[in-house]
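Counting starts at 1 for both ligands and their atoms, following the listed order.
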Amino acid sequence: MSEPLLHSCAPRRLYVQTFGCQMNEYDSLQVQRQLAALGYQPVEEMNRADLIFLNTCSVRGKAEQKVHSFLGRLRRLKEANPALRIIVGGCVAQQLGQKLLDRFEYLDLVVGTRAVNSIGQLLQQVEESGRRGAFLHDDGNCGPVFQPQEILPQPGITAPVTIMQGCNNHCAYCIVPAVRGAERSRRPGEILEEIRLLELSGVREVLLLGQNVNSYGRGLEEPIDFAGLLRRIVAETRVARIRFTTSHPKDLTEDLMNCFAELGPLCKHLHLPVQAGSDTILARMNRRYTAGEYREKVARLRRICPQIALTSDIIVGFPGETEEDFGKTMELIEDIRFDNLFSFRYSDRPNTRASGFADKVDGQAAARRLVELQGRQAAITLEKNLAETGSLREVLVEGPSKASHGQITGRTSQNRIVNFEGPVSATGKILPVRIVAAYLHSLKGTVSSE
Ligand code: SAH
Ligand code: SF4
Ligand code: F3S
């Protein structure tokens, strides 16, 4: 056993703030694990922290602005406590690097998305040298991606497991390939080992993460694809439920569709971002499928697994989007009837192809389209939730409900939230629940004794 790197009488207090996607949530957990080995314990209040780690997102302009304003607010804390250390990680860190250090002179360390596994070492360097720094990856100091980390007990019963990093798709609007790098998959043995360790700490459900999990396995020595990985997880672990995100429609294979019918622990929910309903826009986005192909895949999947829930992402106001193009998106959501939808107004991102497109959509027109889309989808989501009334669903209990006092909460296989009367000791169990009422964001149920 090596000595803890930092010595202190009292445990140091770490405050972690995470913006962005679930991959950032996963990275933040890894950071907490690394820093725990250096004697840092998480605290809930930022004002009490000795070290603040901010994990950032750059996917849309608004996400980046949030990071800048959060950083602005830290100035006062640092002035009040000059010993406070502040580290910025994640996608804005990767995007701006040294510029962040220049703009916010009270930051100690900027750690890019590929250096996050070396954060302990990097912090130690800063402590020893007293010099601030931005470490973005290939500077020779950083360990391999996905260094095995000691797994600490999980607070919840659901845990994220990143199975691949980066993305090779280059959708015209997207900054992710620039900030997360090229696609690379983790070895299956390492993923299985991590899931087994999580199980030992009480985790019942794993959420497999990647920007495009359908292309999992490319470049690995051992021949395996995503469907193969799912089958191995089911055969070699005892995890009760498996979810995954995100799938790219162009890479959704029949073999993966069959997994939904074949593998009991695989939850019957697929998040399949479509982005737009117009073929002209899809081509300009470089999505490499047509709306017709998307519809066909959905129809095939629903034949294979009729109970599957489908969710999606849509961007409105992509450069060149006409009223007619937008009409096709509306038609598509009408035809498919997604169970839920995440929709965004197009946002120009630096160095993306779309940021150079001339025919930008007027902001007001894009805002109006978003309101129309979200309004229609809310009605569809509610209709679909109402259709759940009377059905019997298996619910994995996650703990006390935040929304309804005295109730517990969990999710159906289709990823719908259900609140119901029950003991908190049922956390981690899968219970049969009769759905008695439905709302836009959740269902209400009663435990069934049948
Ligand atoms: N890898 C996933 C998700 C990437 S980011 C995928 O391929 O679908 C999550 C969502 O953010 C995207 O699906 C897209 O709908 C949205 N998004 C990405 N870049 C955007 C931009 N520049 N403007 C608006 N929305 C964007
Ligand atoms: Fe971005 Fe497209 Fe990759 Fe998703 S698939 S991360 S939208 S480039
Ligand atoms: Fe945001 Fe980076 Fe995730 S840009 S969406 S945190 S990959």
Side-chain angles (χ1 to χ4, degrees), residues 17-28 54-67 88-96 111-114 116 160 162-184 208-216 244-252 270-277 281-282 284-289 294 310-319 321 329 333 338 340-357 360-361 363 366-367 369-370 373-374:
Q17 174 79 44
T18 308
F19 294 120
C21 64
Q22 285 148 323
M23 303 189 77
N24 265 12
E25 302 280 349
Y26 178 84
D27 289 344
S28 286
L54 175 62
N55 205 351
T56 62
C57 174
S58 189
V59 74
R60 283 169 290 275
K62 260 194 200 155
E64 192 187 331
Q65 279 155 24
K66 243 198 245 174
V67 171
V88 184
C91 295
V92 177
Q94 185 71 39
Q95 182 199 341
L96 297 178
V111 180
T113 52
R114 276 156 285 179
V116 73
T162 293
I163 62 165
M164 59 201 295
Q165 285 272 20
C167 182
N168 287 352
N169 279 324
H170 301 284
C171 302
Y173 50 81
C174 188
I175 198 170
V176 171
V179 288
R180 290 273 172 173
E183 179 186 293
R184 55 231 182 266
L208 308 176
L209 298 175
Q211 295 298 348
N212 178 15
V213 293
N214 303 153
S215 56
Y216 173 80
F244 63 84
T245 195
T246 302
S247 292
H248 194 300
K250 77 176 161 57
D251 300 316
L252 175 61
L270 180 66
H271 183 62
L272 194 65
V274 63
Q275 311 297 359
I281 297 299
L282 285 170
R284 285 174 58 110
M285 286 177 162
N286 191 32
R287 289 292 288 180
R288 291 180 279 169
Y289 53 83
Y294 185 92
L310 267 182
T311 57
S312 199
D313 292 347
I314 283 182
I315 297 176
V316 301
F318 185 78
E321 185 187 74
T329 297
I333 69 153
F338 291 110
N340 210 347
L341 189 65
F342 302 88
S343 45
F344 315 97
R345 208 166 109 181
Y346 168 77
S347 161
D348 251 350
R349 305 308 292 133
N351 306 319
T352 57
R353 215 179 315 161
S355 67
F357 291 172
K360 298 282 156 60
V361 172
R369 287 175 198 172
L370 189 63
L373 178 77
Q374 290 180 338

ask   = For ligand 1, which atoms, with element, lie under 4.0 Å from some heavy atom of P273?
value = 8 (O)

ask   = Is the closest heavy-atom distance from G90 to ligand 3 below 4.0 Å?
value = no

inquiry  = If we count only N and O atoms by modelled type, under 3.5 Å, do the side chains of N214 and S247 hold a donor and an acceptor together?
reply    = yes

key: Within-shell test, R180 vs ligand 3, heavy atom, strictly < 4.0 Å   = yes

inquiry  = At less than 2.8 Å, would any N/O/S atom of C21, backbone or side chain, sit next to atom 3 (Fe) of ligand 3?
reply    = yes

ask   = Among protein heavy atoms, which sits nearest to atom 1 (Fe) of ligand 3, and what does the distance come to when rounded to 0.1 Å?
value = C57 SG, 2.4 Å

query = Do H248 and S215 come close enough that some side-chain heavy atom pair is under 4.5 Å?
reply = no

query = Can you find an N or O of T246 that's nearer than 3.5 Å to an N or O of ligand 1?
reply = no

ask   = Is the closest side-chain heavy-atom distance between V67 and C57 below 4.5 Å?
value = no

task = Mind running side chain to side chain contact (heavy atoms under 4.5 Å, CB included) on F344 and L370 for me, showing each step along the way?
result = CA-CA 7 Å; F344 315 97; L370 189 63; 5.7 Å; no

message = Check for me whether R284 meets the cation-pi criterion with F318, that is, NZ or CZ under 6.0 Å from the six-membered ring centre and within 45 degrees of the ring axis.
response = no

query = Any heavy atom of Q22 sitting closer than 4.0 Å to ligand 3?
reply = no

key: No-hydrogen, no-angle side-chain donor-acceptor test under 3.5 Å, D27 and N55   = no

query = Given side chains that start at C-beta, do those of R349 and E64 come closer than 4.5 Å, heavy atoms only?
reply = yes

key: Any N/O pair Q275/ligand 1 closer than 3.5 Å   = yes

query = Which ligand 3 atoms, with their elements, are less than 4.0 angstrom from a heavy-atom of C91?
reply = 2 (Fe), 4 (S), 6 (S), 7 (S)

ask   = Which residue and non-hydrogen atom of the protein lie closest to atom 7 (S) of ligand 2, and at what distance in Å?
value = Y173 OH, 3.4 Å

message = Quick test: of every protein heavy atom, which one is nearest to atom 11 (O) of ligand 1, and how far off is it to 0.1 Å?
response = R60 NH1, 3.0 Å

ask   = Do the side chain of K360 and the main chain of G317 share a donor and acceptor less than 3.5 angstrom apart?
value = no

remark   = For N24, the atoms of ligand 3 under 4.0 Å from one of its heavy atoms are 6 (S)

query = Should R287 be listed as contacting ligand 1, given a heavy-atom distance under 4.0 Å as the test?
reply = yes

note = In ligand 2, the atoms that come under 4.0 Å of a heavy atom of R287 are 2 (Fe), 7 (S)

request  = Go through the side-chain N and O atoms of Q275 and Y173 and say whether any donor and acceptor fall under 3.5 Å apart.
outcome  = yes

request  = Using a 4.0 Å heavy-atom threshold (strictly under), name the region of Y173 that reaches ligand 1: side chain, backbone, both or neither.
outcome  = both

query = Do ligand 1 and S347 have nitrogen or oxygen atoms that lie under 3.5 Å from each other?
reply = yes

Enumerated ligand 1 atoms positioned under 4.0 Å from heavy atoms of Y346 = 23 (N), 24 (C)

Options K62, H271, H248, Q211, ranked by nearest heavy atom to atom 4 (C) of ligand 1, top entry = Q211

key: Donor-acceptor contact present, side-chain S347 to main-chain G61, <3.5 Å   = yes

ask   = Which residues and atoms, protein N, O or S only, are under 2.8 Å from atom 3 (Fe) of ligand 2?
value = C167 SG

ask   = For A182, does its backbone N or O pair with a side-chain atom of R184 as donor and acceptor, under 3.5 Å?
value = yes

ask   = At under 4.0 Å between heavy atoms, which part of R180 makes contact with ligand 1: side chain, backbone, both or neither?
value = neither

ask   = Is there side-chain contact between M285 and I315, with at least one heavy-atom pair below 4.5 Å?
value = yes

task = Determine whether any heavy atom of I315 lies closer than 4.0 Å to an atom of ligand 1.
result = yes

message = Which option wins on minimum heavy-atom distance to atom 9 (C) of ligand 1: D313, D348, N214?
response = D313

inquiry  = Show me which atoms of ligand 3 lie under 4.0 Å from any heavy atom of S58.
reply    = 1 (Fe), 4 (S)

query = F338 pairs by side chain to side chain contact (heavy atoms under 4.5 Å, CB included) with which of D313, V274, L272, T311?
reply = V274

inquiry  = Using a 4.0 Å cutoff against the non-hydrogen atoms of V59, which atoms of ligand 1 qualify?
reply    = 5 (S), 18 (C), 19 (N), 20 (C), 21 (C), 22 (N)

task = Find out whether V59 and C21 are in side-chain contact, i.e. whether some heavy atom of one side chain is under 4.5 Å from a heavy atom of the other.
result = no

inquiry  = Looking only at side-chain N and O atoms, does H271 offer a donor or acceptor that is under 3.5 Å from a partner on N340?
reply    = no

query = Heavy-atom contacts under 4.0 Å between Q211 and ligand 3: side chain, backbone, both, or neither?
reply = side chain

ask   = Of Q94, R180, Q95, which is the lone residue that meets side chain to side chain contact (heavy atoms under 4.5 Å, CB included) with S58?
value = Q95

remark   = Per side chain to side chain donor-acceptor pair (under 3.5 Å), N169 is matched among R288, R287, Q211 by R288

query = Which of the atoms of ligand 1 are close to R349, meaning less than 4.0 Å from one of its heavy atoms?
reply = 22 (N)

task = Go through the steps for T246 and N212 under the test side chain to side chain contact (heavy atoms under 4.5 Å, CB included), then give the verdict.
result = CA-CA 5 Å; T246 302; N212 178 15; over 6 Å; no

